[in-house]
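Reviewing the structure listed below.
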Amino acid sequence: GQNIDQPTEMTATEGAIVQINCTYQTSGFNGLFWYQQHAGEAPTFLSYNVLDGLEEKGRFSSFLSRSKGYSYLLLKELQMKDSASYLCAVKGGGADGLTFGKGTHLIIQP
Amino acid sequence: GAGVSQTPSNKVTEKGKYVELRCDPISGHTALYWYRQSLGQGPEFLIYFQGTGAADDSGLPNDRFFAVRPEGSVSTLKIQRTERGDSAVYLCASSKSRGQETQYFGPGTRLLVL
């Protein structure tokens, strides 16, 4: 089976840095994705990792360790508009659809 | 349009009725996916199309759910004899091809079964 765990909710301060962790157990692995979802809106793609290491894209970075079944999303210089849910998703072996975690609701405080 | 579009944006129906939800993927994208998202949960995979064929329908919850993509572009998700538990946001996503990993999501259809 597939299981993806991420914290339910996190709070951070505007201008600061926050790290959202994700652990997974899946049957096979063909990549890990992070999506951002504002309330009532569609998920929007943030990052994709298939090899171990850090992928940096502006204020957002994502890290993957396949041996540990672990990823994190790092958000720097937080802005109020970053308040959203962050979804970790894995593409398992032989599967075409993504398996999503429940999402981490990030609250940014002034 | 530039992105994935879905219609209707909202649908209210009564228990037992039949509904159709439409998805128009990004132009040129051959892969199309349907997901269902309940409140406080991540999206749950339902079905995947590569071209006109349903390549993976392992996520469809039961035989009341069916989807088609007759011309390899627009797709319709069909739900028969709707139940209150079918209430959710139905999301559609597309990607360039099976090998192109990134899936781009539409705004979803919010289905409420009374």
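So you know, we letter chains A, B, ... as the sequences are listed, proteins then strands, and number each from 1.
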| note | Tightest non-hydrogen contact, residues A/Y35 and B/Q103, listed as OH-O, 2.6 Å
| task | Please say whether more than 12 non-hydrogen atoms of neighbouring residues, nucleotides or ligands are located less than 6.0 Å from NZ in A/K68. | result | no
| request: Hey, could you give me the CD/CZ distance between A/E41 and B/F105, rounded to the nearest 0.5 Å? | output: 14.5 Å
| Toward chain A, the part of B/E44 with a non-hydrogen atom under 4.5 Å | neither
| query | Honestly curious: do B/V89 and B/L46 fall in one hydrophobic cluster under the side-chain, below-4.5 Å linking rule? | reply | no
| said: With a sphere of 6.0 Å drawn around CZ of A/F60, does it hold more than 12 non-hydrogen atoms of other residues, nucleotides or ligands? | reply: yes
| said: Counting neighbours of CD on B/E71 that are heavy atoms of other residues, nucleotides or ligands and sit closer than 6.0 Å, is the number greater than 12? | reply: no
| field | Residues from residues 98-110 of chain A approaching chain B under 4.5 Å (heavy atoms) | value | A/L98, A/F100, A/G101, A/K102
| said: Quick check on the interface: out of B/G106, B/P107, B/P43, B/G42, who has the most heavy-atom pairs with chain A under 4.5 Å? | reply: B/P43
| Should A/I20 and A/L46 be regarded as members of a common hydrophobic cluster, given that ILVMFWY residues are connected when their side-chain heavy atoms come within less than 4.5 Å of each other, either directly or indirectly? | yes
| said: Within a 6.0 Å radius of atom CG on B/L114, are there more than 12 heavy atoms belonging to other residues, nucleotides or ligands? | reply: yes
| task | Flag yes if A/V18 and A/F63 sit in one hydrophobic cluster, no otherwise; membership is Ile, Leu, Val, Met, Phe, Trp, Tyr, and two members link when side-chain heavy atoms are under 4.5 Å apart. | result | no
| Shared hydrophobic cluster for A/Y86 and A/M80 (ILVMFWY, side-chain gaps under 4.5 Å) | yes
